[in-house]
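Some notes on the structure that comes next.
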Amino acid sequence: MLKEKMLNALNEQINAEQYSAMLYLAMSAYFNDKGLPGFANWMYVQYQEEISHANKFFSYVVERGEKVEIGAIKQVPTNWEGIIDVYEATLEHEQMVTGLINRLMDIAVAESDHAVQSFLRWFVDEQVEEEANVQEILDTLKLIDGQGNGIFLLDREMRQRVFVDSTLAAG
Ligand code: FEO
């Protein structure tokens, strides 16, 4: 059993994670269209990660004996001004998600829900990793000015990324 405010916030987070998934799927489509299959692959893996995040929240709400409310997902942007713009938008989005996770934790603390606090710790750590990964790519992109041979090489590297469902290992 969850307190109403906590349940609502968790349901909102399912929607936010699904929005994140659609955002990265749109970015993957953008990169495919620009002839950058490696970057498209990286974003597709990102999309899969976000689906796994949404599902982790879904399973948790069910496990606590509550009803998941699935809401409409807002339209995501579908166009950007280039690779750097995409990764700047990604970093900004992940920073916003970190804020949402922190807000959830604040509610769990205020409600004295220790179980939710324990559950959320995985996401607190995950957000540190998410932001660091994106920041690293953004730094590299800025170094090569988002163009030239460097992009070709980076695109090849991005092709190597594969989806590993880290939500499963966390239990
Ligand atoms: Fe689910 Fe990228 O945060």
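Whatever order the structure lists ligands and atoms in, that order sets their numbers, starting from 1.
Looking only at side-chain heavy atoms (C-beta outward), Phe123 and Gln13 stay at 4.5 Å or farther from each other. Between Arg121 and Ser118 there is a side-chain heavy-atom pair separated by less than 4.5 Å.
Here Glu126 does not reach atom 2 (Fe) of ligand 1: none of its N/O/S atoms is less than 2.8 Å from the metal. For a distance bound of 2.8 Å, the N, O or S atoms of Glu49 include none lying that close to atom 1 (Fe) of ligand 1. The nearest N, O or S atom of Glu17 is closer to atom 1 (Fe) of ligand 1 than 2.8 Å.
His53 contributes atom ND1 as its closest N/O/S atom to atom 1 (Fe) of ligand 1. Atom 2 (Fe) of ligand 1 sits nearest to atom OE2 when only the N, O or S atoms of Glu130 are considered.
In this structure, Tyr24 has its ring center no closer than 6.0 Å to that of Tyr47.
Ring pair Phe119/Tyr60 is parallel by interplanar angle, where below 30° counts as parallel and above 60° as perpendicular.
Here the angle at atom 2 (Fe) of ligand 1 defined by OE1 in Glu94 and OE2 in Glu50 stands at 150°, rounded to 10 degrees.
Looking at Glu94, its side chain never comes within 3.5 Å of a backbone N or O of Val134 through a donor-acceptor pair.
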